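Presented below is the structure to which this report refers.
These figures come from a predicted structure and were not determined experimentally.
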Amino acid sequence: MPDEAVAQERSVPKPMFTDAEAGARTFPDSGASARRYNYFEPAKRKQTHYEDVTVEVQPDPRHYLSQGWIYGFADGERGYPLHWTKLKAWGVDKPEPRRGIGTGGLPKDFVWPAHGWHWFRDPNEEWEQTLYRYNANVVRQLTQNVENARNGKAFAAWSPNWVRFVERHVGAWMHIEHILGLYVFAANERSAPTNMHNTALAANCARKIRFAQDLALYNLTLTEEIEGFDGTAHLEAWNSDVEWQGARKLTEALTAIQDDWGEAVFATNVVFEPLVGELFRSNLVMQAAAPNGDFVTPTVIGAGESDYAQRDLRWTIACMAPLTEDKEFAEHNKELMNGWLSHWVPQALEAARTMQPLWSQADHRPPRFEDSLDVAKNRFAVVCRDLGLDVPEELKL
């Protein structure tokens, strides 16, 4: 009897693999790394998110904008002129490629002029989203600090003379932050030659204006919480007090720098801030507050101090220091910056010395003015060395 349980093999076509099927063949550019196109050279092995959203975002006919600038100003100037600062970076003196209808692509052996400017990367890696997050976190922390002080009746511990000091002089500092933010950094935000520079300028501007508003809101809170606190006294101090007229004159002079965004940033972040800004914020207010019963104002002032020390100065050094080592224009840039130091340092020292009477207005006084000024000078000397510049002779006086 035949074994009917044994299955009979059916006669049907069998699959035959020939390596011609879709996806079977391997090509040189099949790998994921080969398909990752990047049109700029990242600072490190892999580009960061910051670089992705800032580098080469600003079109430039020296590189990608093959039809030339698509817009211009009434005086005939077009795009982002490199002569909007006297500073120079590798390649700026090379002629711009002439392009237009029918000129085709890049010329043979094209070397992009102004290449040196595009090496700058903001070490803070700030762009729109990080900028909003940072400032929102600072405001949130300050609001909590002030609210806790309000609930704890901390302002009642202030000595009367300290109340007068805060209403006049801490309030007066908001004018400086507002002026520098709006009329130095915002005014020059469009002037730099790359999107990385302009984003850093915009972030610097936003921090200044936020700090000015921090001080304004703090002034309103103190007006509500402290009986007799004059929330308008800062106006009279800024307009009339002799102690503030040097800083006011210098601040307004910074807004009057014409046609050079590099000098505006240099004079503000390299000269004014260490010799006047940190002198007032760190070496006066933050030193004098606690002995006079005030543990709140240092948290407000400290936020602005951190803005400068941790971010504003950091990007400025990263922007300016490579220019003093530029392979084409190092000597030109050093001579230019030393000239700026000779012009602005005496004015900053004069403004600092005009503020000296502020050191004796509180009941419990901070370290002596001359000691505070020495701290500011030492800080300034470190900034100069970080930039590769000589310390000005004026600092030895």
Side-chain angles (χ1 to χ4, degrees), residues 58 73 77 79-89 92 114 117 120 122 124 126 173 175-212 246-278 304 307-309 311-324 326 329 332-351 380 383-384 386-387 389 392:
Q58 181 173 286
F73 300 98
E77 200 79 79
Y80 294 77
L82 298 177
H83 64 82
W84 282 356
T85 178
K86 297 180 184 66
L87 292 168
K88 292 185 177 183
V92 298
W117 283 118
F120 169 67
D122 181 358
N124 303 315
E126 286 196 304
W173 191 260
H175 298 278
I176 290 181
E177 295 294 328
H178 178 79
I179 290 172
L180 295 180
L182 201 56
Y183 300 108
V184 173
F185 293 101
N188 286 284
E189 187 273 330
R190 168 61 176 74
S191 301
T194 79
N195 200 57
M196 294 82 76
H197 290 84
N198 291 334
T199 301
L201 278 161
N204 202 145
C205 159
R207 285 190 290 272
K208 285 287 182 192
I209 293 177
R210 192 223 70 231
F211 183 37
R248 180 182 173 189
K249 177 183 176 183
L250 178 55
T251 304
E252 292 174 353
L254 293 172
T255 69
I257 296 173
Q258 294 291 321
D259 302 326
D260 200 319
W261 65 267
E263 182 179 1
V265 171
F266 183 92
T268 303
N269 279 351
V270 175
V271 179
F272 176 85
E273 284 291 353
L275 291 177
V276 181
E278 288 189 331
D307 287 343
Y308 172 68
R311 291 175 180 267
D312 300 344
L313 180 60
R314 195 172 175 221
W315 84 261
T316 304
I317 296 292
C319 173
M320 301 285 181
L323 299 177
T324 62
D326 188 89
F329 300 111
H332 164 86
N333 291 329
K334 280 185 180 179
E335 183 179 354
L336 185 62
M337 290 185 192
N338 283 325
W340 289 343
L341 289 177
S342 300
H343 179 70
W344 291 106
V345 168
Q347 296 182 61
L349 290 175
E350 180 186 354
F380 175 66
V383 174
C384 289
D386 287 345
L387 288 170
L389 300 174

Original post:
Where the side chain of T268 meets the backbone of V265, is there a donor-acceptor pair that is under 3.5 Å apart?
Top reply: no
**OP:** Pick out which of W261, W84, Y80 makes a ring-ring contact (aromatic ring centres under 6.0 Å, His included) with H197.
**Re:** W261
**OP:** Classify the ring geometry between Y183 and H178 as parallel (under 30°), tilted (30 to 60°) or perpendicular (over 60°).
**Re:** perpendicular
Original post:
How many angstroms lie between atom CG of N333 and atom CG of D326, to the nearest 0.5 angstrom?
Top reply: 6.0 Å
**OP:** Give the ring-plane orientation class for W173 versus F272, where under 30° counts as parallel, over 60° as perpendicular and anything between as tilted.
**Re:** parallel
Original post:
Between atom SG of C384 and atom CG of L341, what is the distance when rounded to the nearest 0.5 Å?
Top reply: 5.0 Å
Original post:
So R311 and E126, salt bridge (charged side-chain N to carboxylate O under 4.0 Å, His left out) or not? Walk me through it.
Top reply: CA-CA 10 Å; R311 291 175 180 267; E126 286 196 304; 2.8 Å; yes
Subject >> Ion pair check, R207 and D312, cut-off under 4.0 Å >> reply: yes
Original post:
So, the side chain of T324 versus the backbone of A321: is there a donor-acceptor pair under 3.5 Å, distance only?
Top reply: yes
Original post:
Measuring from W315:CH2 to N269:CG, what's the distance to the nearest 0.5 Å?
Top reply: 6.5 Å
Subject >> Chi angles and distances behind the salt bridge (charged side-chain N to carboxylate O under 4.0 Å, His left out) call for D259, K86 >> reply: CA-CA 9 Å; D259 302 326; K86 297 180 184 66; over 6 Å; no
Subject >> Sidechain-backbone polar pair: D260 side chain, E263 backbone, donor-acceptor under 3.5 Å >> reply: yes
Subject >> Nearest-0.5 Å distance that lies between atom OG in S191 and atom CG in N198 >> reply: 7.5 Å
**OP:** Please determine if K208 and E189 form a salt bridge, counting it only when a charged side-chain N lies under 4.0 Å from a carboxylate O.
**Re:** no
Original post:
Can you check side chain to side chain contact (heavy atoms under 4.5 Å, CB included) on T199 and D122, steps first, answer last?
Top reply: CA-CA 9 Å; T199 301; D122 181 358; over 6 Å; no
**OP:** Specify whether W340 and F266 have parallel, tilted or perpendicular ring planes, treating 30° as the upper limit for parallel and 60° as the lower limit for perpendicular.
**Re:** tilted
